[in-house]
Amino acid sequence: MNQLIRMLLLVLVLGFALMYGASALNSSEGYSGDSTLTIYNWGDYIDPDLVSEFEKESGIKVIYQTFDSNEAMMTKIEQGGTTFDISVPSEYAISKMKEENLLLPIDHSKLPNLKYVNPRFMDLSFDPDNRYSIPYFWGTVGIIYNSDMLGGRTFKSWNDLWDPSLRNQILLVDGAREVIGFGLNSLHYSLNDTNEAHLQEAKAKLNRLTPNVKAIVGDEIKMLLANEEAAVGVVWSGDASEIMDANDKLDYVVPEEGSNLWFDNMVIPKTARNIEGAHKFINFMLDPKHAAQNAEYVGYSTPNEKAMDYLPEDISGDTRFYPDPELTSKLEVYKNLGKKMLSHYNELFLEFKMHRK
(Lines give C-alpha, C1' and ligand atoms only; values in the text may rest on other atoms or scores of the structure.)
Protein backbone atom coordinates (compact mmCIF):
# COMPACT_ATOMS: atom_id res chain seq x y z
CA MET A 1 0.00 0.00 0.00
CA ASN A 2 2.81 2.42 0.93
CA GLN A 3 4.47 1.72 -2.41
CA LEU A 4 1.21 2.50 -4.22
CA ILE A 5 0.85 5.79 -2.33
CA ARG A 6 4.44 6.74 -3.19
CA MET A 7 3.78 5.99 -6.85
CA LEU A 8 0.63 8.13 -6.82
CA LEU A 9 2.52 11.00 -5.19
CA LEU A 10 5.26 10.69 -7.82
CA VAL A 11 2.67 10.86 -10.61
CA LEU A 12 1.14 13.99 -9.05
CA VAL A 13 4.53 15.68 -8.70
CA LEU A 14 5.40 14.86 -12.32
CA GLY A 15 2.01 16.12 -13.43
CA PHE A 16 2.50 19.48 -11.71
CA ALA A 17 6.01 19.73 -13.14
CA LEU A 18 4.71 19.12 -16.66
CA MET A 19 1.95 21.70 -16.18
CA TYR A 20 4.50 24.27 -14.99
CA GLY A 21 6.81 23.49 -17.91
CA ALA A 22 3.97 23.79 -20.41
CA SER A 23 2.96 27.12 -18.90
CA ALA A 24 6.51 28.44 -19.20
CA LEU A 25 6.79 27.14 -22.76
CA ASN A 26 3.48 28.70 -23.75
CA SER A 27 4.66 32.03 -22.41
CA SER A 28 7.95 31.88 -24.32
CA GLU A 29 6.22 30.73 -27.50
CA GLY A 30 3.65 33.49 -27.43
CA TYR A 31 0.67 32.07 -25.55
CA SER A 32 -0.98 35.00 -23.86
CA GLY A 33 -2.93 35.53 -20.71
CA ASP A 34 -4.34 38.65 -19.05
CA SER A 35 -0.86 39.85 -18.04
CA THR A 36 0.77 39.40 -21.46
CA LEU A 37 -0.01 40.46 -25.02
CA THR A 38 1.51 38.64 -27.99
CA ILE A 39 1.87 40.80 -31.10
CA TYR A 40 2.71 39.39 -34.54
CA ASN A 41 3.89 42.14 -36.87
CA TRP A 42 6.17 42.90 -39.80
CA GLY A 43 9.83 43.44 -38.96
CA ASP A 44 10.86 46.97 -37.90
CA TYR A 45 7.24 48.09 -38.14
CA ILE A 46 6.72 49.80 -34.79
CA ASP A 47 8.63 52.27 -32.64
CA PRO A 48 10.05 50.14 -29.77
CA ASP A 49 9.60 53.09 -27.41
CA LEU A 50 5.84 52.84 -27.93
CA VAL A 51 5.87 49.18 -26.91
CA SER A 52 7.71 50.11 -23.72
CA GLU A 53 5.30 52.97 -23.04
CA PHE A 54 2.29 50.68 -23.50
CA GLU A 55 3.79 48.14 -21.08
CA LYS A 56 4.38 50.85 -18.48
CA GLU A 57 0.93 52.40 -18.94
CA SER A 58 -1.07 49.16 -19.00
CA GLY A 59 0.98 46.81 -16.82
CA ILE A 60 0.80 44.26 -19.67
CA LYS A 61 4.00 42.58 -20.87
CA VAL A 62 4.32 42.53 -24.66
CA ILE A 63 5.74 39.48 -26.45
CA TYR A 64 6.70 40.69 -29.92
CA GLN A 65 7.24 38.35 -32.89
CA THR A 66 7.72 39.19 -36.56
CA PHE A 67 6.91 37.76 -39.98
CA ASP A 68 8.17 38.60 -43.47
CA SER A 69 5.12 37.81 -45.61
CA ASN A 70 1.35 37.69 -45.30
CA GLU A 71 1.42 34.07 -46.37
CA ALA A 72 3.84 33.06 -43.59
CA MET A 73 1.73 34.95 -41.05
CA MET A 74 -1.54 33.33 -42.17
CA THR A 75 -0.02 29.84 -42.14
CA LYS A 76 1.24 30.22 -38.57
CA ILE A 77 -2.08 31.59 -37.31
CA GLU A 78 -4.03 28.91 -39.15
CA GLN A 79 -1.88 26.16 -37.62
CA GLY A 80 -2.71 27.49 -34.18
CA GLY A 81 0.50 26.32 -32.51
CA THR A 82 1.19 29.82 -31.17
CA THR A 83 -1.48 32.13 -29.81
CA PHE A 84 -1.33 35.72 -31.06
CA ASP A 85 -3.47 38.53 -29.67
CA ILE A 86 -2.72 41.10 -32.39
CA SER A 87 -1.49 40.78 -35.95
CA VAL A 88 -1.05 43.30 -38.77
CA PRO A 89 -1.96 41.75 -42.13
CA SER A 90 -2.43 43.51 -45.47
CA GLU A 91 -5.85 44.09 -46.95
CA TYR A 92 -6.06 41.03 -49.22
CA ALA A 93 -4.88 38.81 -46.35
CA ILE A 94 -7.59 40.26 -44.10
CA SER A 95 -10.19 39.33 -46.68
CA LYS A 96 -8.82 35.80 -46.82
CA MET A 97 -8.58 35.45 -43.04
CA LYS A 98 -12.22 36.51 -42.72
CA GLU A 99 -13.22 33.82 -45.22
CA GLU A 100 -11.31 31.21 -43.25
CA ASN A 101 -12.81 32.31 -39.92
CA LEU A 102 -9.44 33.27 -38.45
CA LEU A 103 -10.47 36.65 -37.00
CA LEU A 104 -12.53 37.91 -34.08
CA PRO A 105 -14.81 40.93 -34.49
CA ILE A 106 -13.49 44.14 -32.94
CA ASP A 107 -15.57 46.02 -30.37
CA HIS A 108 -15.51 49.64 -31.53
CA SER A 109 -16.98 50.80 -28.22
CA LYS A 110 -13.63 49.96 -26.62
CA LEU A 111 -11.74 52.17 -29.09
CA PRO A 112 -12.53 55.81 -28.26
CA ASN A 113 -9.53 56.91 -30.35
CA LEU A 114 -11.02 55.36 -33.50
CA LYS A 115 -12.66 58.73 -34.18
CA TYR A 116 -9.26 60.11 -35.22
CA VAL A 117 -8.90 57.82 -38.26
CA ASN A 118 -9.53 59.54 -41.60
CA PRO A 119 -12.97 58.37 -42.87
CA ARG A 120 -11.59 57.74 -46.37
CA PHE A 121 -9.54 54.88 -44.93
CA MET A 122 -12.51 53.27 -43.21
CA ASP A 123 -15.28 50.98 -44.47
CA LEU A 124 -13.30 49.70 -47.47
CA SER A 125 -14.22 46.73 -49.61
CA PHE A 126 -11.93 44.22 -47.87
CA ASP A 127 -13.57 44.87 -44.48
CA PRO A 128 -16.94 46.68 -44.58
CA ASP A 129 -17.61 48.69 -41.42
CA ASN A 130 -14.15 47.68 -40.17
CA ARG A 131 -15.72 44.86 -38.26
CA TYR A 132 -12.47 42.86 -38.15
CA SER A 133 -9.64 45.34 -38.70
CA ILE A 134 -8.43 48.82 -37.78
CA PRO A 135 -6.10 50.90 -40.02
CA TYR A 136 -2.42 50.93 -39.02
CA PHE A 137 -0.44 52.16 -42.07
CA TRP A 138 -1.17 52.73 -45.74
CA GLY A 139 0.84 53.52 -48.84
CA THR A 140 1.48 52.98 -52.53
CA VAL A 141 3.77 51.06 -54.88
CA GLY A 142 5.86 53.18 -57.22
CA ILE A 143 9.21 53.97 -58.80
CA ILE A 144 12.19 55.34 -56.87
CA TYR A 145 15.02 56.72 -58.97
CA ASN A 146 18.38 58.49 -58.74
CA SER A 147 18.25 61.27 -61.29
CA ASP A 148 21.96 62.06 -60.90
CA MET A 149 22.89 58.54 -62.00
CA LEU A 150 20.63 58.85 -65.05
CA GLY A 151 21.73 62.15 -66.53
CA GLY A 152 18.84 64.08 -65.00
CA ARG A 153 15.98 61.94 -66.30
CA THR A 154 12.72 61.52 -64.40
CA PHE A 155 9.84 59.02 -64.46
CA LYS A 156 6.10 59.43 -65.04
CA SER A 157 4.97 56.08 -66.42
CA TRP A 158 5.51 52.39 -65.74
CA ASN A 159 6.53 52.13 -69.38
CA ASP A 160 9.58 54.30 -68.71
CA LEU A 161 11.13 51.21 -67.07
CA TRP A 162 11.47 49.54 -70.49
CA ASP A 163 13.83 52.24 -71.81
CA PRO A 164 16.93 50.42 -73.22
CA SER A 165 19.19 53.02 -71.57
CA LEU A 166 18.28 51.48 -68.19
CA ARG A 167 20.03 48.21 -68.88
CA ASN A 168 21.03 46.48 -65.61
CA GLN A 169 19.88 49.50 -63.59
CA ILE A 170 16.56 48.37 -62.04
CA LEU A 171 15.89 46.56 -58.76
CA LEU A 172 12.49 44.96 -58.24
CA VAL A 173 10.87 44.12 -54.94
CA ASP A 174 10.38 40.37 -54.55
CA GLY A 175 6.58 40.28 -54.67
CA ALA A 176 4.32 38.54 -57.18
CA ARG A 177 1.37 40.91 -56.78
CA GLU A 178 3.63 43.96 -57.09
CA VAL A 179 5.56 42.84 -60.19
CA ILE A 180 2.70 41.19 -62.08
CA GLY A 181 0.60 44.18 -60.98
CA PHE A 182 2.79 46.86 -62.56
CA GLY A 183 3.11 44.68 -65.67
CA LEU A 184 -0.69 44.76 -65.94
CA ASN A 185 -0.86 48.48 -65.11
CA SER A 186 1.68 49.26 -67.84
CA LEU A 187 -0.84 47.79 -70.30
CA HIS A 188 -3.69 49.77 -68.71
CA TYR A 189 -5.19 46.63 -67.16
CA SER A 190 -6.30 46.25 -63.57
CA LEU A 191 -3.70 44.89 -61.15
CA ASN A 192 -6.46 42.49 -60.04
CA ASP A 193 -6.99 41.21 -63.59
CA THR A 194 -7.79 37.50 -63.93
CA ASN A 195 -8.14 37.41 -67.71
CA GLU A 196 -5.62 34.79 -68.86
CA ALA A 197 -4.82 36.57 -72.13
CA HIS A 198 -4.05 39.78 -70.20
CA LEU A 199 -1.90 37.92 -67.69
CA GLN A 200 0.13 36.24 -70.42
CA GLU A 201 0.51 39.58 -72.21
CA ALA A 202 1.80 41.15 -68.99
CA LYS A 203 4.26 38.29 -68.41
CA ALA A 204 5.56 38.53 -71.97
CA LYS A 205 6.09 42.25 -71.50
CA LEU A 206 7.86 41.66 -68.17
CA ASN A 207 10.15 39.16 -69.92
CA ARG A 208 11.18 41.99 -72.26
CA LEU A 209 12.12 44.04 -69.18
CA THR A 210 14.71 41.43 -68.17
CA PRO A 211 17.81 43.17 -69.65
CA ASN A 212 17.09 46.20 -67.45
CA VAL A 213 16.59 44.21 -64.23
CA LYS A 214 19.71 43.98 -62.12
CA ALA A 215 18.11 41.93 -59.33
CA ILE A 216 14.87 40.93 -57.63
CA VAL A 217 15.44 41.35 -53.89
CA GLY A 218 13.84 41.62 -50.47
CA ASP A 219 14.62 44.10 -47.68
CA GLU A 220 18.16 44.62 -48.98
CA ILE A 221 16.66 46.73 -51.79
CA LYS A 222 16.76 49.69 -49.40
CA MET A 223 20.48 49.44 -48.74
CA LEU A 224 21.33 48.78 -52.41
CA LEU A 225 19.46 51.83 -53.68
CA ALA A 226 20.72 54.09 -50.89
CA ASN A 227 24.30 52.98 -51.69
CA GLU A 228 23.72 53.67 -55.41
CA GLU A 229 24.21 50.04 -56.45
CA ALA A 230 21.35 50.66 -58.90
CA ALA A 231 19.61 53.78 -60.21
CA VAL A 232 15.97 52.65 -60.19
CA GLY A 233 13.72 50.53 -57.99
CA VAL A 234 10.10 49.42 -57.78
CA VAL A 235 9.27 49.67 -54.08
CA TRP A 236 6.62 50.35 -51.48
CA SER A 237 6.27 54.02 -50.53
CA GLY A 238 7.43 53.48 -46.95
CA ASP A 239 10.65 51.86 -48.14
CA ALA A 240 11.10 54.75 -50.58
CA SER A 241 10.82 57.23 -47.71
CA GLU A 242 13.48 55.37 -45.73
CA ILE A 243 15.81 55.14 -48.75
CA MET A 244 15.41 58.86 -49.47
CA ASP A 245 16.28 59.68 -45.86
CA ALA A 246 19.55 57.84 -46.39
CA ASN A 247 20.27 59.38 -49.81
CA ASP A 248 18.62 62.67 -50.80
CA LYS A 249 19.52 62.22 -54.48
CA LEU A 250 16.58 59.83 -54.85
CA ASP A 251 12.98 60.69 -55.68
CA TYR A 252 9.71 58.70 -55.73
CA VAL A 253 6.74 58.76 -58.07
CA VAL A 254 3.47 56.87 -58.45
CA PRO A 255 3.13 56.21 -62.21
CA GLU A 256 0.31 57.87 -64.11
CA GLU A 257 -1.31 54.58 -65.23
CA GLY A 258 -2.15 53.77 -61.62
CA SER A 259 -0.76 51.45 -58.99
CA ASN A 260 -1.53 49.70 -55.73
CA LEU A 261 -3.05 51.44 -52.72
CA TRP A 262 -2.27 49.12 -49.85
CA PHE A 263 -3.32 48.95 -46.23
CA ASP A 264 -1.92 47.13 -43.22
CA ASN A 265 -4.53 46.87 -40.46
CA MET A 266 -4.53 45.63 -36.87
CA VAL A 267 -6.63 42.49 -36.30
CA ILE A 268 -7.39 40.14 -33.41
CA PRO A 269 -6.82 36.49 -34.44
CA LYS A 270 -9.46 33.98 -33.43
CA THR A 271 -7.12 32.18 -31.03
CA ALA A 272 -6.34 35.36 -29.02
CA ARG A 273 -6.30 34.91 -25.25
CA ASN A 274 -6.03 38.53 -24.13
CA ILE A 275 -8.87 40.13 -26.07
CA GLU A 276 -9.25 42.97 -23.58
CA GLY A 277 -5.52 43.73 -23.79
CA ALA A 278 -5.70 43.64 -27.59
CA HIS A 279 -8.36 46.35 -27.59
CA LYS A 280 -6.27 48.42 -25.16
CA PHE A 281 -3.24 48.16 -27.46
CA ILE A 282 -5.21 49.08 -30.59
CA ASN A 283 -6.68 52.12 -28.84
CA PHE A 284 -3.21 53.07 -27.57
CA MET A 285 -1.82 53.02 -31.13
CA LEU A 286 -4.77 55.12 -32.34
CA ASP A 287 -3.85 57.95 -29.98
CA PRO A 288 -2.83 60.77 -32.40
CA LYS A 289 0.50 61.47 -30.68
CA HIS A 290 1.38 57.77 -30.65
CA ALA A 291 0.32 57.37 -34.30
CA ALA A 292 2.48 60.35 -35.29
CA GLN A 293 5.48 59.04 -33.35
CA ASN A 294 5.06 55.63 -34.99
CA ALA A 295 4.74 57.10 -38.50
CA GLU A 296 7.85 59.22 -38.03
CA TYR A 297 9.83 56.20 -36.81
CA VAL A 298 8.64 53.68 -39.43
CA GLY A 299 8.41 56.08 -42.39
CA TYR A 300 5.03 54.89 -43.66
CA SER A 301 1.85 56.96 -44.01
CA THR A 302 -0.51 57.12 -41.07
CA PRO A 303 -4.28 56.89 -41.60
CA ASN A 304 -4.77 58.89 -38.39
CA GLU A 305 -6.07 62.29 -39.46
CA LYS A 306 -5.41 64.01 -36.13
CA ALA A 307 -1.85 62.61 -36.05
CA MET A 308 -1.01 64.82 -39.01
CA ASP A 309 -1.04 67.78 -36.60
CA TYR A 310 1.88 66.26 -34.71
CA LEU A 311 4.05 65.36 -37.72
CA PRO A 312 6.76 67.69 -39.03
CA GLU A 313 5.61 69.72 -42.05
CA ASP A 314 8.23 68.09 -44.30
CA ILE A 315 6.47 64.74 -43.65
CA SER A 316 2.79 65.68 -43.49
CA GLY A 317 3.09 68.01 -46.48
CA ASP A 318 4.98 65.56 -48.72
CA THR A 319 2.48 64.68 -51.47
CA ARG A 320 4.64 61.78 -52.63
CA PHE A 321 3.65 59.92 -49.46
CA TYR A 322 0.43 61.72 -48.56
CA PRO A 323 -1.11 62.13 -52.03
CA ASP A 324 -4.42 63.95 -52.40
CA PRO A 325 -7.71 62.07 -52.94
CA GLU A 326 -7.58 62.84 -56.67
CA LEU A 327 -4.57 60.55 -57.06
CA THR A 328 -5.59 57.91 -54.54
CA SER A 329 -8.94 57.56 -56.34
CA LYS A 330 -6.99 56.22 -59.35
CA LEU A 331 -5.24 53.54 -57.30
CA GLU A 332 -6.42 49.99 -56.62
CA VAL A 333 -6.52 47.90 -53.50
CA TYR A 334 -5.39 44.31 -53.97
CA LYS A 335 -8.37 41.99 -54.00
CA ASN A 336 -8.35 38.47 -52.63
CA LEU A 337 -8.28 36.59 -55.94
CA GLY A 338 -8.70 33.17 -54.34
CA LYS A 339 -6.14 30.42 -53.78
CA LYS A 340 -6.14 29.17 -57.36
CA MET A 341 -5.60 32.58 -58.97
CA LEU A 342 -3.05 33.68 -56.36
CA SER A 343 -1.11 30.49 -57.05
CA HIS A 344 -1.26 31.34 -60.75
CA TYR A 345 0.14 34.83 -60.09
CA ASN A 346 2.98 33.21 -58.11
CA GLU A 347 3.64 30.78 -60.97
CA LEU A 348 3.80 33.62 -63.51
CA PHE A 349 6.17 35.55 -61.26
CA LEU A 350 8.40 32.48 -60.83
CA GLU A 351 8.44 31.99 -64.62
CA PHE A 352 9.52 35.62 -65.01
CA LYS A 353 12.33 35.14 -62.46
CA MET A 354 13.45 31.95 -64.21
CA HIS A 355 13.41 33.75 -67.57
CA ARG A 356 16.07 36.12 -66.20
CA LYS A 357 18.41 33.15 -65.78
Side-chain angles (χ1 to χ4, degrees), residues 19-68 70 72-74 76-90 93-94 97 102-117 127 130-137 263-298 300 302-304 306-307 310:
M19 287 173 63
Y20 178 82
S23 176
L25 180 62
N26 286 349
S27 177
S28 67
E29 289 295 316
Y31 287 88
S32 300
D34 292 342
S35 61
T36 60
L37 187 76
T38 306
I39 298 173
Y40 199 26
N41 199 356
W42 300 86
D44 201 24
Y45 210 38
I46 193 170
D47 185 341
D49 289 344
L50 286 172
V51 175
S52 299
E53 187 175 339
F54 174 76
E55 289 181 320
K56 183 177 179 181
E57 182 181 298
S58 66
I60 297 172
K61 176 177 172 54
V62 172
I63 300 168
Y64 194 85
Q65 297 187 30
T66 63
F67 56 85
D68 58 9
N70 281 293
M73 175 272 303
M74 285 189 286
K76 195 161 186 179
I77 288 177
E78 193 170 15
Q79 288 172 344
T82 303
T83 297
F84 298 108
D85 298 304
I86 297 263
S87 190
V88 189
S90 302
I94 292 168
M97 292 172 82
L102 295 176
L103 301 177
L104 291 175
I106 293 174
D107 186 348
H108 289 196
S109 71
K110 295 181 178 180
L111 306 176
N113 290 331
L114 187 59
K115 64 187 176 186
Y116 297 120
V117 175
D127 186 20
N130 291 90
R131 189 172 179 214
Y132 294 96
S133 71
I134 302 298
Y136 183 69
F137 280 129
F263 295 88
D264 287 339
N265 284 15
M266 294 177 281
V267 302
I268 303 177
K270 189 175 182 179
T271 54
R273 294 194 177 186
N274 192 352
I275 297 170
E276 188 68 26
H279 282 87
K280 286 180 181 179
F281 181 81
I282 292 171
N283 193 59
F284 175 87
M285 295 305 296
L286 290 174
D287 178 278
K289 289 184 179 179
H290 298 159
Q293 179 179 333
N294 203 34
E296 194 166 359
Y297 175 87
V298 177
Y300 278 66
T302 178
N304 192 308
K306 183 65 176 174
Y310 299 102

Check [X] against [Y] and note the closest heavy-atom contact, atom names and distance.
X	Y	value
Thr38	Gln65	CG2-NE2, 4.5 Å
Pro303	Tyr136	CD-O, 3.2 Å
Asn265	Pro135	OD1-CA, 3.2 Å
Ala272	Leu104	CB-CD1, 4.5 Å
Pro269	Ile77	CG-CD1, 4.0 Å

[X] versus [Y]: any side-chain heavy-atom pair under 4.5 Å?
X	Y	answer
Arg131	Ile106	no
Ser35	Ile60	no
Phe84	Lys76	yes
Met97	Met73	yes
Val267	Pro89	yes
His290	Glu53	yes

Option passing side-chain contact (heavy atoms from CB on, under 4.5 Å) with Ile134 (candidates Ile268, Val88, Leu111, Asn113): Leu111
Who are the salt bridge (charged side-chain N to carboxylate O under 4.0 Å, His left out) partners of Lys110, not counting sequence neighbours? Glu276
Using salt bridge (charged side-chain N to carboxylate O under 4.0 Å, His left out) as the criterion, list what pairs up with Lys306, not counting sequence neighbours. Asp309
Got a donor-acceptor contact below 3.5 angstrom from the Asp127 side chain to the Ser133 backbone? yes
Going by side-chain contact (heavy atoms from CB on, under 4.5 Å), name the residues that satisfy it together with Ser90, two or more places apart in sequence or in a different chain. Trp42, Asn70, Tyr92, Asp264
Just say parallel, tilted or perpendicular for the rings of Phe67 and Tyr40, cut-offs at 30° and 60°. perpendicular
Does a donor on one side chain sit under 3.5 Å from an acceptor on the other, for Tyr45 and Asn294? no
Is there a donor in the side chain of Thr302 and an acceptor in the side chain of Asn304, or the other way round, less than 3.5 Å apart? no
